[in-house]
Amino acid sequence: MGWDFQTDPEFQADLDWMERYVREEIWPLETLAEELDHDGLMRAIEPLKQPVKDRGLWAAHLDPELGGQGFGQVKMGLMNEVLGTSPLAPFAFGAEAPDSGNSEILAIAGSPDQKERWLYPLLAGDLTSAFSMTEPEVAGSDPTLLRTRATRDGDGWVVNGHKWFSSNGSIADFLILMAVTDPDARPHQRASMFIVPADTPGVDIVRDVATMEHPSHSWAKYGNHAEIYYRDVRLPADALLGAEGEGFLIAQQRLYPGRIHHCMRWLGVCRRAFDMLCERATYRESHGRVLGEHQSVQNWIAESAAQISAARLMTLHAAWKMDTQGVSAARTEISLIKFFGAQVLHDVVDRALQIHGALGYSTDLPLEEMYRRARWARFVDGADEVHRQAVARQILRGYDPPADHVPSEHVPTRREAARERFAWLLETVTADD
Ligand SMILES: Cc1cc2nc3c(=O)[nH]c(=O)nc-3n(C[C@H](O)[C@H](O)[C@H](O)COP(=O)(O)OP(=O)(O)OC[C@H]3O[C@@H](n4cnc5c(N)ncnc54)[C@H](O)[C@@H]3O)c2cc1C
């Protein structure tokens with residue numbers, strides 16, 4: 001009977017170690033983020049990497065030949081739950097976005113030369129990368145609408161287009177660019193991926209877009225989102241990553257596991273917000289009792305605990321399905337957790353902020369930052385609406401219209417059928433009367 005909710009004891013010991021390590025060594029650095037700035041933080045984190053490597057937990061998303069562990073998605077999910085508790089934790093574990101995702105793309109699709117030139121220096125931390133796909137003019141939720149064009153030019157390519165929200169684009173050494181190579185091909189075979197060194201002539205990074213997370217204007221900082229024009233950018237033949245027309249295929253291979261990692265990181269955030277919510281409920285008094293004795297606060301606690309538990313089980317189930325039956329088999333489960341997890345993240349952080357009142361709204365607690373960061377979860381990585389649609393379509397495939405359009409559960413129709421089937425019984429009962 002293969003139905004087991006336990007983590008194997010050896011890996012649980014790793015998770016326990018991670019939890020202590022992240023809480024004791026990394027959480028304190030968060031409070032110095034402004035004083036140290038990104039470079040200072042990275043200097044502080046540098047010595048924290050070796051113990052992670054010694055424990056065999058560094059860049060665990062990669063295959064063993066690239067220094068990772070080749071862990072399946074369940075283990076990766078459990079690790080990401082711990083990493084999600086701090087925005088700084090992924091740096092100490094070689095798992096920070098977008099470099100981790102880009103390294104996966106290069107590992108999946110890169111040629112030996114591309115790996116030598118871009119992947120290994122990226123893994124060593126000697127290069128920084130960005131992923132450049134979203135365009136302001138068309139819906140990112142439907143990437144078949146992409147307009148950026150790469151046209152053949154002798155052996156090479158010429159690229160023209162306009163992108164934005166290329167995270168880390170303004171500090172990247174290279175960009176992984178998605179561009180249309182054959183507009184007449186089937187929608188998901190139109191685009192290809194290219195490796196574009198950031199200093200290639202024609203790559204014009206015009207600004208970093210200020211956001212809800214970083215509302216003041218800044219330039220060339222880690223975590224910024226660049227707006228980029230590609231104007232007659234000439235690329236050699238070996239800039240093509242994977243085969244022509246395989247852009248979506250490669251992106252999907254990275255996105256599906258990525259969604260498991262995202263959801264588990266969101267649960268790490270939820271856990272921290274939930275602890276704050278519960279702690280506040282124990283001592284803040286209003287109207288003659290502590291907040292935890294008010295029914296609405298009790299509802300928040302119970303609701304949050306239920307949502308977190310449901311999202312966690314759903315995500316680990318999706319991960320297990322990926323590990324045991326492959327990515328395709330887990331598509332519906334992955335869509336379910338994408339929109340459900342994003343909503344749980346929002347709801348739990350919102351309640352934790354609410355119970356702290358003005359303190360929660362202030363920067364004296366990390367909740368306002370969590371809240372701002374939580375907001376994008378509902379539309380990136382496939383807008384929630386698109387995932388809901390995918391789930392509903394998949395589910396509806398398992399249903400057929402009933403005969404004559406009479407609902408299968410229609411009681412008078414069922415009664416008629418039952419009367420026929422059990423006529424002998426009805427006769428006996430009537431006769432006994
Ligand atoms: C913090 C952050 C980092 C990012 N990093 C990167 C990056 O590194 N590289 C990159 O290329 N991009 C990046 N993006 C962009 C991100 O991928 C897009 O924002 C996302 O794909 C959504 O596309 P869009 O913004 O064009 O919204 P749209 O596609 O225009 O969607 C807007 C809204 O329309 C609605 N909608 C869309 N389709 C449907 C539908 N079928 N049914 C019902 N409603 C629908 C949804 O409500 C959706 O939220 C980042 C974005 C953020 C916020």
Side-chain angles (χ1 to χ4, degrees), residues 17-55 57-61 67 79-103 121-131 165-174 198 205 208-226 261-262 264-266 268-269 271-273 276 349 362-377:
W17 177 84
M18 273 182 80
E19 261 198 78
R20 269 196 316 278
Y21 195 64
V22 169
R23 184 183 283 262
E24 288 168 15
E25 305 297 333
I26 297 175
W27 286 18
L29 288 170
E30 293 167 0
T31 59
L32 303 177
E34 278 193 15
E35 279 162 76
L36 289 176
D37 209 354
H38 183 70
D39 289 347
L41 279 175
M42 291 307 106
R43 270 210 305 282
I45 285 173
E46 195 54 44
L48 299 178
K49 294 178 180 174
Q50 195 54 47
V52 173
K53 290 178 183 171
D54 294 345
R55 189 112 198 165
L57 298 172
W58 175 259
H61 55 285
M79 281 184 74
N80 273 288
E81 188 178 19
V82 182
L83 296 183
T85 62
S86 171
L88 296 177
F91 292 100
F93 285 77
E96 72 278 11
D99 288 344
S100 57
N102 288 338
S103 64
L122 186 64
L123 293 175
D126 296 334
L127 294 179
T128 305
S129 66
F131 185 69
F165 274 85
S166 301
S167 303
N168 281 357
S170 57
I171 56 164
D173 297 290
F174 69 97
I205 302 180
D208 276 332
V209 184
T211 63
M212 200 164 158
E213 191 183 345
H214 303 293
S216 21
H217 177 76
S218 69
W219 168 247
K221 283 182 75 168
Y222 182 89
N224 278 3
H225 311 290
H261 306 171
H262 270 313
M264 291 305 281
R265 286 188 191 191
W266 295 341
V269 178
R271 188 80 241 173
R272 217 166 149 182
M276 283 189 262
V349 173
S362 78
T363 56
D364 284 0
L365 284 182
L367 286 165
E368 61 79 34
E369 192 195 347
M370 285 179 182
Y371 189 79
R372 286 183 285 115
R373 290 166 69 97
R375 189 60 188 85
W376 60 255

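Side chains are part of it too, since the values below use all heavy atoms of this structure and drop only hydrogens, waters and symmetry mates.
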What are the two closest non-hydrogen atoms of [X] and [Y], and how far apart are they?
X: D99; Y: T128; answer: OD1-C, 4.0 Å
X: A172; Y: S129; answer: CB-C, 3.8 Å
X: R265; Y: L83; answer: NH2-CD1, 4.1 Å
X: P215; Y: R372; answer: CD-NH1, 4.5 Å
X: F91; Y: W58; answer: O-CZ3, 3.9 Å
X: M276; Y: P366; answer: CE-CG, 3.9 Å

Interatomic spacing from [atom1] in [X] to [atom2] in [Y] - rounded to 0.5 Å:
X: M212; Y: R375; atom1: CE; atom2: CZ; value: 6.5 Å
X: S167; Y: Y222; atom1: OG; atom2: OH; value: 8.5 Å
X: W376; Y: E213; atom1: CH2; atom2: CD; value: 8.0 Å
X: L122; Y: N102; atom1: CG; atom2: CG; value: 7.0 Å
X: D173; Y: D126; atom1: CG; atom2: CG; value: 9.5 Å

For the pair [X] (side chain) and [Y] (backbone), establish whether a donor and an acceptor sit closer than 3.5 Å, ignoring hydrogens and angles.
X: D208; Y: A220; result: yes
X: N168; Y: G223; result: yes
X: Y21; Y: L48; result: yes

*Is any side-chain heavy atom of P51 less than 4.5 Å from a side-chain heavy atom of E25?*
no

Close side-chain approach of E369 to T363, heavy-atom, < 4.5 Å
no

> More than 12 foreign heavy atoms under 6.0 Å from NZ of K221: is that the case here?
Replying inline: no

Side chain to side chain contact (heavy atoms under 4.5 Å, CB included) with E46: of Q50, K49, R43, only one passes, and it is K49

Requested in this report: Begin from the C-alpha positions of F93 and V82 and carry the test side chain to side chain contact (heavy atoms under 4.5 Å, CB included) through to its verdict.
Outcome: CA-CA 11 Å; F93 285 77; V82 182; over 6 Å; no

Test side-chain hydrogen bond (donor to acceptor under 3.5 Å, both in side chains) applied to S100 - qualifying residues, sequence neighbours left out: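 Once residues adjacent in sequence are excluded, S100 has no partner under the side-chain hydrogen bond (donor to acceptor under 3.5 Å, both in side chains) criterion.
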
The side-chain hydrogen bond (donor to acceptor under 3.5 Å, both in side chains) partners of W219 (sequence neighbours excluded) come to none

TODO: Give me the ring orientation class for F165 and H225: parallel if the planes are under 30° apart, tilted from 30 to 60°, perpendicular past 60°.
DONE: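 Aromatic pair F165/H225 classed parallel.
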
Can you give the donor-acceptor pairs under 3.5 Å from side chains of residues 31-42 to other protein atoms, not counting sequence neighbours?
from: T31; atom 1: OG1; to: P28; atom 2: O; distance (Å): 2.7

